[in-house]
Amino acid sequence: MNFLSDWSTWFPTLLDGLSLSLQITAISLIAGLPIGLLLALMASSRLQVVRVTSVALVEIGRGAPTLVVLQLFYFGLPSAGITLSSFVAACVALALTTAAYTSEILRAGLQAVPSGETEACQTLGVSPLDTLRFVILPQGLRIALPALMGFAIIIFQATSLCFTIAVPELLSQAYSIGSSTFNYLSVLALAGLMYAVITIPASWLVGGMEKKMSRHLAHVH
Amino acid sequence: MAVSTLPKQMVSLRGVSKSYGDKVVFRSVDLDVAAGEVTAMIGPSGAGKSTLLRCINMLEHPDAGEITIGGKTIAAGKSTSLKEIEALRRKAGMVFQHFNLFPHMSVLQNVSFAQQRVLKRSKAEADKRSRALLDRVGLADFADSYPARCSGGQQQRIAIARALAMDPEVMLFDEPTSALDPEVGLEVLAVMKELAKEGMTMIVVTHEMAFARDVSDRLVVMADGAIIEQGDPHKIMSDPEHPRTKLFLRAVVGR
Amino acid sequence: MEHLQAVILGVPLTLLITFSSLLIGAVGGVPLVLGLRSRQIVLQVICRTLVDLLRGIPAVVWLFVIYFGVSIGAFQFEATTAAIVGLGLVSAAYMAEIYRGGISAVHSGQWEAGSALGVGRWATFSRIIGPQAFRVSVPSMTSYGISLIKDSSLASTIGVTEIVFLTTQDARSNAGGLTVYIIAALVYLALSIPLALLARRVDSVLRKKVSR
């Protein structure tokens with residue numbers, strides 16, 4: 001059980017890395033979701049310019065590999081005179097990725113609210129803004145919640161790419177231990193398990209929510 | 001048919017037409033509904049009944065014609081502001097086939113929501129009115145439940161209370177019992193009968209022939225995009241003039 | 001322009017990694033999904049654990065494990081092979097889930113019809129359920145394939161000279177700066193669009209053949 005003593009030596013360092021991974025995940029989601037919602041609302045605007053802008057931003061954000069986006073903000077921006085710390089660059093890049101992906105999820109959620117809900121509001125004389133705020137958004141967000149949770153898992157996994165821009169998150173801690181001890185397999189296994197301990201239960205939760213949601217929707221509509 | 005301009009007309013349609021692309025739903029329809037009158041609209045599916053009803057409160061925008069509710073007129077074709085449309089809608093309450101309740105709000109909130117946001121009633125005021133209306137439709141005990149916990153018949157009665165809460169001058173019913181089991185539909189029809197007795201102006205698109213015959217003051221038969229016959233329900237049901245009406249009645253009553 | 005040249009040299013390796021790991025995934029997903037649906041609990045648990053771990057641990061960690069971690073005697077994976085094996089394994093797990101979704105989307109009446117006609121469980125699966133499930137799975141498979149083009153960029157982290165590797169190199173040595181990254185993003189877009197169009201084509205052909 002030699003590896004167990006190795007693991008207990010490395011664990012605190014890796015835990016620091018994991019905590020950084022989780023921080024980046026949280027910041028990306030908190031900053032990215034409102035932008036995603038804005039893009040989703042823009043996508044159903046009456047003005048074509050607004051719609052096209054939204055679609056273009058979303059498609060570029062989803063079309064480029066996350067690695068490219070990360071490196072663009074860290075290595076590319078200085079040539080335009082903007083230098084970000086690796087942590088800030090990571091948060092900005094992943095927040096924008098979050099915005100692009102969640103805008104599609106949110107748009108689908110808002111569209112899944114039956115049109116009868118809007119019609120009911122119209123006949124009651126409720127203004128379009130109030131309809132959105134009190135009737136469509138609460139229901140659309142609830143419908144989108146499992147998919148948003150699923151995306152949160154993906155963005156948490158994507159934080160592992162931040163080691164390429166020198167953010168000392170979980171994978172880079174594991175890698176640096178590996179390169180000093182040459183015991184790559186053991187330390188990477190531990191790091192992998194630490195990712196899995198979070199993502200696997202989270203995906204069970206998402207699966208459960210999806211089931212509950214489909215039952216709920218079937219019952220109401 | 002003589003054009004009536006008596007002030008007691010609650011709803012009048014003049015030359016209202018609607019088509020989707022090439023498909024004409026109905027062409028140049030005139031209809032007058034007096035205050036306190038209950039009008040039932042029947043006819044084969046695809047005749048345009050629901051679309052006509054939805055044109056009355058501008059859920060569908062007619063291509064031509066004029067719509068007047070309680071003295072407020074909107075003419076199709078001219079650009080109309082949302083404000084004007086909202087003013088027209090304010091006068092009409094609507095009940096849908098699929099209820100369209102707000103599933104994320106409690107029953108009480110469903111009825112109070114628009115009162116607070118649109119009529120600017122205080123929460124206490126709105127809730128008081130909502131509870132009175134829920135009591136009237138027999139659902140006082142359900143105020144704090146959620147719609148998903150209620151049966152279809154209960155949901156439809158909540159929807160009626162929600163529409164009544166806005167103090168409409170006319171109530172529009174779009175096949176209110178079509179999504180319900182026949183027995184459950186009866187509780188909804190009972191509420192509607194009660195409402196009719198109290199003098200509410202009502203336009204009801206329905207397949208319930210007994211309701212059309214016994215409760216409505218006037219029967220309107222629509223087929224192939226036009227009103228083909230209207231008048232006393234008993235007379236039309238027992239002795240229809242139009243061959244299309246005969247065909248339709250034989251199909252629904254004779255089974 | 002010289003930036004575009006630098007980036008575009010990576011396209012062949014990007015495509016090689018994408019298609020090879022997609023193929024491994026599409027084939028490897030079959031035994032995994034059979035295991036997931038097996039009646040033998042042990043097999044089921046093993047496959048479930050495998051699929052959950054492959055999907056739950058970031059793909060880049062798997063690449064590191066295979067590239068840095070695996071050494072059998074003097075043998076070590078060469079970088080491109082490691083990338084293909086790693087992404088192939090992860091793809092197999094995702095494909096297994098896609099197949100599973102496809103199988104459960106086939107109406108249970110089809111199983112009942114199979115057994116009512118006296119067709120065995122395996123024959124029902126391979127001749128009746130399988131083809132329909134495959135048809136349902138195609139859209140998810142193609143969209144996974146498109147996302148795999150982007151995921152193949154992970155190979156750059158272990159030194160495979162595909163698009164992102166060359167991009168970074170160019171950015172550092174030739175002061176490509178912002179431009180070269182934007183070019184790289186556009187190249188990825190240009191690679192995904194034909195695949196997306198092809199996917200739509202395949203889907204509509206299949207839809208006509210097996211109309212559900």
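Below, chains carry the letters A, B, ... as their sequence lines are ordered, and counting in each starts from 1.
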Side chains of Val61(C) and Leu171(A): does their closest heavy-atom pair fall under 4.5 Å? yes

If you measure from CZ on Phe75(A) to CG on Leu178(C), what distance do you get to the nearest 0.5 Å? 13.5 Å

Heavy-atom closest pair, residues Ala196(A) and Leu53(C): CB-CD2, 4.0 Å

Below 4.5 Å, heavy-atom pairs only: which of Trp62(C), Tyr188(C), Phe68(C) has the largest tally toward chain A? Phe68(C)

Considering only heavy atoms and a distance below 4.5 Å, find which of Thr168(C), Val70(C), Leu186(C) pairs most often with chain A. Thr168(C)

Whether Gln157(A) side chain and Arg55(C) backbone form a donor-acceptor pair below 3.5 Å: yes

Rounded to the nearest 0.5 angstrom, the CG-OH distance for Leu77(A) and Tyr181(C) is 10.5 Å

Bottom line for Phe156(A): the part with an atom under 4.5 Å from chain C's heavy atoms is neither

Name the region of Ile200(A), side chain, backbone, both or neither, that has any atom closer than 4.5 Å to a heavy atom of chain C. side chain

Given that the side chain runs from C-beta out, which part of Phe163(A) has a heavy atom under 4.5 Å from chain C: side chain, backbone, both or neither? side chain

Considering only heavy atoms and a distance below 4.5 Å, find which of Ala64(A), Ala202(A), Gly192(A) pairs most often with chain C. Gly192(A)

Highest number of heavy-atom pairs under 4.5 Å with chain C among Leu161(A), Thr159(A), Ile60(A) belongs to Leu161(A)

Residues Gly69(C) and Leu185(A): closest non-hydrogen pair is O-CB, 3.7 Å

Between Tyr195(A) and Pro58(C), what is the shortest heavy-atom contact and its length? CG-CD, 3.4 Å

Indicate the atoms forming the closest heavy-atom contact of Gly63(A) with Leu189(C), along with that distance. CA-CD2, 3.8 Å

Donor + acceptor pair across side chains of Gln71(A), Thr167(C) (<3.5 Å): no

What are the two closest non-hydrogen atoms of Ser160(A) and Val60(C), and how far apart are they? OG-CG1, 3.2 Å

Under 6.0 Å from the CZ atom of Phe125(C), do we count more than 12 heavy atoms belonging to anything else shown? yes

Residues in residues 140-159 of chain C near chain A [non-hydrogen atoms, under 4.5 Å]: Lys150(C), Ser153(C), Leu154(C), Ser156(C), Thr157(C)

For Ala80(A), is it the side chain, the backbone, both, or neither that has a heavy atom closer than 4.5 Å to a heavy atom of chain C? side chain

Separation between OG1 (Thr179(C)) and CG (Leu72(A)), nearest 0.5 Å, reads 9.5 Å

